[in-house]
*Asks:* 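Handing you a structure now.
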Amino acid sequence: MSSVLSFFMVLFVSILAGSKAISISEEKAVKYKPCSTTKRAVAVRIGGVVDYGTTRIGKEQKVAMEMAIQDSMISNLDSSSTTTCSQLQLDWHLKDSRGNPARTAAAAIDLIRNEKVQALIGTLTLQDVALVSGTDNMNTTKNLPLIVSLNSPAQSSSPVPFQSSIFLQMANDITFQMHCIADVVGHFNWRKVTAIYEHSIGFSDGSGIITQLSDSLRLVNSEIEHHEAFPSLSSQSDPKGALKRELRKLERKSNRVFIVLQFSLNSAMLLFETAKQMGMMGKGYVWIISDEIASLLDSVDSSVKYNMQGVIGLKTSFEDSSDAFKGFKSRFRRIYGSHFPEEEENSSPSIFALRAYDAITAIAKASGELKGKVTSKRLSQKLLSLDFKGLSGEIRFKNGILAQLPTFQIINVVGKGYAEIASWSQAHSSLGNFVEHGEMTGPIYWPGGLPTVPKGWTLSEVGKPLKIGVPAGAAFKQFVRVSNLQYKNATLVSGFSVNVFEEVVKRLPYELHYVLVPFYDSYDQMVEQVYYKGLDAAVGDIEVFADRFRYVEYTQPYVSSGLEMVVTVEPDKVKETWMFMKAFTRRMWLQLILMHVSICSVVWLIENQHGQNPELKGLGVMLWFSVTMLFFAQREPLKCNLARLVLAPWLFVILVATASFTASLTSMMTVSQLRPSVTDIETLQRTNAPVGCNGNSFIVRYLVNTLNFKPENIKNLSSVDDYPDAFAKGDIAAAFFVAPHAKVFLAKYCHGFIRAGPTYKLGGFGFAFPKGSPLIFDISEAILELTESGDVERLEHAMLSSFNCSSSLKLGGDSIGPEPFSGLFKISGAISGFAFLITFVRIASKRLDKWSCLQACLINNGFWRWVYVGLCQSSQIYRFSLSRRSFNQNGIFDDVARVPI
């Protein structure tokens, strides 16, 4: 309150003073008038307001601006004629604000009113400029100065509440720095951060920077969990005590990633000294400092860096190898040491000194190019058109700020200095990218010497393990079993879900201390206890259910799930009657019949045409031959070798098929043919049949609200062993389980029960944690690794195999299809087809002598005539062989009619 009153008192005095100068002891006016000349000189009055009494930045800016004034005058002299004096005359007035925003505004008003400055440069904020322009109707004055702010980073470029003066910021947009910090946070996968800043006595409360940082962090899936405004230490009687109180608040919170914004160098030095004394620079902590602090690390001694070991920072990069910079640095160190001998050892210029030098140089360049009277309006227009390379980089303005895209060095404080671990630029992406190989170059020294990346959070007080609840009254003890060991006065928690959780914890990149606490109420109440902080987490066969997301967040499910119905089985009479037909598939039966009839037909045809077998005459004999051949009981002898060739492979096929049929049918007859007693839930609802489930789980709500069961038809069964008795007594017609529980029930009671009906998809089994818990991401990642490695399946198999129960239930056997016989079918079919083709050709040749018309047509063609002669000769040879066979049998020689050619 006293600071606000002091501001208005100073402001009131400045207004009453009128044309009198404000008496500021630290004011320094330097006028450079090289010589008197008859020519009309161009005079430019420049005013400066910086805090060179208490801050390192202000001291550097003071020295740099005075050097720029001298260099600009010398440069102007060098470019002028030797017989004439310079036309440019710089009138320089500098005032010290002492870090007090009220003094800053008062000094600016004095320079504008009394010194009539045409350009005003210094650590002025938008609020300062708005106040100055609105004082004593100053905004109606035509000659308000050009105002150049040296504050870094640049504040929002949104329209300012004044229009008469021009306001330029010699800095880059704050968005770039916030994006760089967000990229660092995202690179190390820190999901939550704590932002701290020093609350200025002035008008800015840091909320704009917090908003910018929050927006940038959201792009890398991170967020600001807390932000704390530290009081201005310059206004505190006990700065160290104030810091301890604020740091104690942060220490009690779970987050361990701290981003330091808007701190003066002196305050930052005291901050890290206090944090180290409190143990907050040890293992597990992460500190990130902004450009305002990191860019000044070259100006502090090693004792300060000793308190900052492991800190990550970002500093604006500039070219430090040019001759211009080397010359400037040498002069700067000499002049700075003479002005501030107590800091002579650490007198290297920072980016803030370079920008102050470039700001004066830019004003001098713009003034030198003007002809005639210099006004603030003309000066600002000329300054906006400048484009030159200064010591800090390219000097060109766009939307009131520097247009050049910045590059940040990511540094790591270690030892007596710091190491550059990466370079960042926003030239090629929406957020930014690490220029050097796209990654952080290591190794990185973390606070406390931690060899791995800190996880960035802690869930409880140091040394206190997590209290994780497990369901003590679980119906399926195979998932969670709580055993009281009286002889040890201890509680043993085991089971499949507990084993999975233990394996997951082993895969975490850090050590997690926890204790399993039995919870004796329902699952819903256990989840609510996590919400009310009675438990730090919940582990067990906890279904991921939408209603529970109001209280907790779940990890990735470690077991898939769905609601399933289990019923008793009964004999399937229909399947037993026609069981023999199930030995082969329909396709196999059809293919066997077609192949058998086809091959028997070919054999019959060959025997009738080639062998003249009188025992295979007529269609009926052929059909009977087909039947008897299946049982190898055919009595009709085969007289033709071609027919025997066709039949031999097919007999082998019949032998193999018969053996397979016998084996399949024997297997089916050995296993009972059963069917579910209830096939769907519609039957249960239509008959009002009672059903059973675990009354302490969500299944009751699901049956009533989703599947529309009547509450009075739902029976509560608390143990897995209660279900068989309830089925036997007729108390329930069906039982509903989640899929993992159904597996356990059917593994334990594998006789007489079976799944039936559809499976209703659910979320699966997962672990419950408080909303926003940083553990969720790491646990979920470890669950996926465990699942992909097959360890979850291995643990589940070990649980189910412990029952050692083999079921003889079979709902329809596996019939044999034609695939195993495809090779034999192809061989037998190919031989049969080849024999049929030979028989067909011979039958056709016997009929050629009756085709006189065709004969006459074919003789006229030479090719077809040659074919015809060949066929006729083949026919004559065939008839001759038949006549010889007839003479041998009957003792009579039959002449074969010769066909004339």
Side-chain angles (χ1 to χ4, degrees), residues 475-476 522-524 541 543-548 557 559-579 582 586 671-765 807-815:
F476 287 81
S522 67
Y523 284 73
D524 289 335
D541 50 343
E543 187 70 43
V544 178
F545 207 58
D547 288 351
R548 294 173 179 168
V559 171
S560 59
S561 179
L563 189 65
E564 296 182 342
M565 181 175 68
V566 174
V567 298
T568 56
V569 294
E570 60 184 16
D572 192 346
K573 300 297 183 181
V574 176
K575 289 185 178 179
E576 290 182 353
T577 302
W578 296 97
M579 186 185 301
K582 296 296 182 179
R586 291 183 179 181
V671 180
S672 301
Q673 297 296 306
L674 303 171
R675 67 179 181 183
S677 58
V678 180
T679 57
D680 51 57
I681 64 171
E682 287 78 11
T683 302
L684 296 173
Q685 293 171 335
R686 186 173 59 253
T687 59
N688 284 326
V691 298
C693 68
N694 182 6
N696 292 329
S697 67
F698 74 96
I699 299 179
V700 176
R701 296 197 309 271
Y702 193 90
L703 292 177
V704 174
N705 300 333
T706 305
L707 300 182
N708 300 319
F709 276 89
K710 296 179 180 180
E712 59 269 18
N713 291 337
I714 301 176
K715 307 298 180 182
N716 179 17
L717 301 175
S718 58
S719 174
V720 64
D721 298 322
D722 295 338
Y723 290 91
D725 294 338
F727 275 114
K729 295 176 182 178
D731 293 339
I732 59 175
F736 285 91
F737 303 101
V738 290
H741 289 172
K743 288 182 180 180
V744 172
F745 179 80
L746 294 175
K748 186 174 184 179
Y749 300 100
C750 55
H751 302 287
F753 301 98
I754 200 166
R755 292 185 183 92
T759 298
Y760 300 95
K761 187 67 177 177
L762 298 175
F765 285 177
S807 175
S808 61
L809 299 182
K810 194 172 183 69
L811 292 181
D814 295 331
S815 301

*Asks:* As an exercise, state the distance from CG of Leu707 to CD of Gln685, rounded to the nearest 0.5 Å.
*Replies:* 7.0 Å

*Asks:* Enumerate the salt bridge (Lys or Arg N to Asp or Glu O under 4.0 Å) contacts for residues 741-751, please, sequence neighbours excluded, ordered by first and then second residue.
*Replies:* Asp721-Lys748, Lys743-Glu796

*Asks:* Return the orientation label for the Phe545 and Phe698 ring planes: parallel under 30°, perpendicular over 60°, tilted otherwise.
*Replies:* tilted

*Asks:* In Å and rounded to the nearest 0.5 Å, what is the CG to CZ distance from Asp524 to Arg701?
*Replies:* 4.5 Å

*Asks:* Could you walk me through whether Leu703 and Leu563 satisfy the side chain to side chain contact (heavy atoms under 4.5 Å, CB included) test, starting with their C-alpha distance in whole Å, then the side-chain angles of each, then the deciding distance to 0.1 Å, before giving a yes or no?
*Replies:* CA-CA 10 Å; Leu703 292 177; Leu563 189 65; 4.2 Å; yes

*Asks:* Kindly compute the distance separating CZ (Phe709) from CG (Asn688), expressed to the nearest 0.5 Å.
*Replies:* 10.0 Å

*Asks:* Distance check, rounded to the nearest 0.5 Å: Asp541 atom CG versus Glu543 atom CD?
*Replies:* 9.0 Å

*Asks:* Please enumerate all residues that pass side chain to side chain contact (heavy atoms under 4.5 Å, CB included) together with Leu746, with sequence neighbours excluded.
*Replies:* Val566, Phe753, Arg755

*Asks:* Dump the intermediate steps for ring-ring contact (aromatic ring centres under 6.0 Å, His included) on Phe727 and Tyr723, then the final yes or no.
*Replies:* CA-CA 6 Å; Phe727 275 114; Tyr723 290 91; 7.3 Å; no

*Asks:* Ring centres under 6.0 Å, that's the criterion: do Phe737 and Phe476 meet it?
*Replies:* yes

*Asks:* Would you confirm whether Glu564, through its side chain, and Pro758, through its main-chain N or O, come within 3.5 Å as a donor-acceptor pair?
*Replies:* no

*Asks:* Evaluate side chain to side chain contact (heavy atoms under 4.5 Å, CB included) for Met565 paired with Ile681, printing each intermediate quantity in order.
*Replies:* CA-CA 8 Å; Met565 181 175 68; Ile681 64 171; 4.0 Å; yes

